Amino acid sequence: MAEPIRLKTPVTDEDIIKLKIGDSVLINGKILTGRDAAHKRLFELAKKGEPLPIDIKGQIIYYVGPAPAKPGYVIGPAGPTTSGRMDPYAPLLMEKGLKGMIGKGIRSKDVRDAMQKFKAVYFSITGGAAALISKQIKSVKIVAYEDLGPEAIRELEVEDFPVIVANDAHGGDLYEEGIKKYRRA
Amino acid sequence: MREVATQTIVDTVARLCMEANYFLGDDVIKVFQEGLKKEESETGKNILNQLLQNAEIAKTENIPICQDCGFAVVFMELGTDVCVQGNIIDAINEGVRKGYTEGYLRKSIVSDPIKGKNTGDNTPAIVHTTFVPGDRIKITVAPKGGGSENMSEVKMGKPADGIEGVKNFVIDRVLRSSANPCPPIVVGVGIGGTFEYVAFLAKKALLRDIGQRHPDPFYADVERELLERINKLGIGPMGLGGRITALDVFIEVHPRHIASFPAAVNINCHAARHKTAII
């Protein structure tokens, strides 16, 4: 397997264009978290043209609601949630400058089209590998919507965060290609 | 009549909640290792290796395998010669409260489906009780994650559909689920009974250990055939393409009405969590 690509956040259009489906990527730097409730709030503000409580330009959002941290831990197990639930909100956030999403599972056509249009990428991270993934998170800070508890928006500092490009900015879809490649009649 | 204190139920359920979330069964570990040999996709192999490492970290550090610590689904076989002093359902919920709080497990339950807020302690549990002869209580805690549960379905078919109809329903359901339920998955299938009972059968099927075939050779063959067909679909680990889409398929059946032909598919992610204790 090819050497993983190292990606430092925040990311630029040039970074995004280079990524192709199937690429192994190690993300370093700060990423944001958000799932259903936080997305709904961000979407409603963005729709009204109001400022967001966080700057999403050049950022990557990780769809995660971590388990509680044990004493002495930075964060509890933190694997991805199903990305499809964020599909209604994702295109508008990409329009506002979001460059990457990390989660698990397939995305809608609208989201895939928006990735091409606004130059963004969707990364798959291994669902159910939450204990392992949490080891790559070095610090956690709540940056918005603290009232949402596990769904609050956090800023994570990650080191060699292991993801795979599932949908790229060129219309590539690893879910479709992968099934085609390994399907047997 | 044998007497059991409610505190024993509380402590047992709390322990099972934690153990089910921290310790992936040896049967699942073994099938991951076997899957590594069969998987053709490099990405798929990497994912299986991550899952093995993840299970090891969770076990060593006593932390959950997955951040989705599930709905606490409890199967209880209550001996008719045992008497619990107090409310046994309250005791199970107290055990869930204790296990999820003291075990640093994520609380994922909303009090009312429309108007509710997070209950903060992962209660209430879903409790399935059956009465059995004897003076023991067998309790199984099977935490169920939302991602795979969402890919499940009940179908009220026609008796003319027969077993081929069920097979096609299962294959189609798995194909449509694609990457969402965190493959490699475990597939529970219910056939027969009524609308609500068939879903219970599919859930109950998930309690079996990987590799444990149905005692009726007819259904055991259908399980083998479905597993083979699912693993030809190409979905692979995390749906990114590969050979290992399912770890096993389990079928549970029940008598049906002459007019009805219910079938259900309950999908579990690779974190096939369940722990049992006998009191």
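Fair warning: this is a prediction, and the values are worked out from it, not measured in the lab. Chain letters run A, B, ... following the sequence lines, proteins first and then strands; every chain starts at 1.
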message: Does atom NZ (K167(B)) have a neighbourhood of more than 12 heavy atoms from anything else shown, all under 6.0 Å?
response: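 For K167(B), atom NZ is crowded (more than 12 foreign heavy atoms under 6.0 Å).
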field: Residues, nucleotides or ligands: over 12 heavy atoms within 6.0 Å of K135(A) NZ
entry: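 Yes, the 6.0 Å shell around NZ holds more than 12 heavy atoms from other groups.
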Below 4.5 Å from any heavy atom of chain B, which atoms of [X] appear? Answer side chain, backbone, both or neither.
{"X": "T126(A)", "result": "both"}
{"X": "K70(A)", "result": "both"}
{"X": "I125(A)", "result": "backbone"}
{"X": "A78(A)", "result": "backbone"}

- prompt: Between K180(A) and E177(A), is there a salt bridge with N-O shorter than 4.0 Å?
  reply: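 A salt bridge is present here (some side-chain N lies under 4.0 Å from a carboxylate O).
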- prompt: Does the distance from a Lys or Arg side-chain N to an Asp or Glu carboxylate O, for R184(A) and E40(B), drop under 4.0 Å?
  reply: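 So R184(A) pairs with E40(B) through a salt bridge.
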Within the 3.5 Å criterion, strictly below it, is a donor on [X] or [Y] matched to an acceptor on the partner's side chain?
{"X": "Y175(A)", "Y": "S178(B)", "result": "no"}
{"X": "T43(B)", "Y": "N46(B)", "result": "no"}
{"X": "T101(B)", "Y": "D121(B)", "result": "no"}

task: Compare all side-chain heavy atoms of I102(A) with those of F161(A) and state whether any distance is below 4.5 angstrom.
output: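 Of all side-chain heavy-atom pairs linking F161(A) with I102(A), at least one is under 4.5 Å.
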query: Tell me, do K104(A) and T82(A) make a side-chain contact under 4.5 Å, heavy atoms counted?
result: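 The answer is yes; the side chains approach within 4.5 Å.
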Shorter than 4.5 Å, heavy atoms on both sides: which option in [options] has the most such pairs with chain A?
{"options": "C66(B), S41(B), S177(B)", "value": "S41(B)"}
{"options": "Q53(B), Q50(B), R243(B), R229(B)", "value": "R243(B)"}
{"options": "D68(B), I47(B), L233(B), T245(B)", "value": "L233(B)"}

message: For chain B, which candidate among S134(A), P68(A), G105(A) shows the most heavy-atom pairs at distances under 4.5 Å?
response: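 Heavy-atom pairs under 4.5 Å are most numerous for P68(A).
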- request: Return the option, out of S83(A), G103(A), A166(A), P80(A), with the maximum number of heavy-atom pairs under 4.5 Å with chain B.
  value: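 Of the options given, most contacts go to P80(A).
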Quick check on [X] against chain A: is it the side chain, the backbone, both or neither that has a heavy atom closer than 4.5 Å?
{"X": "L51(B)", "result": "side chain"}
{"X": "E56(B)", "result": "neither"}
{"X": "S108(B)", "result": "neither"}
{"X": "N231(B)", "result": "neither"}
{"X": "L52(B)", "result": "neither"}

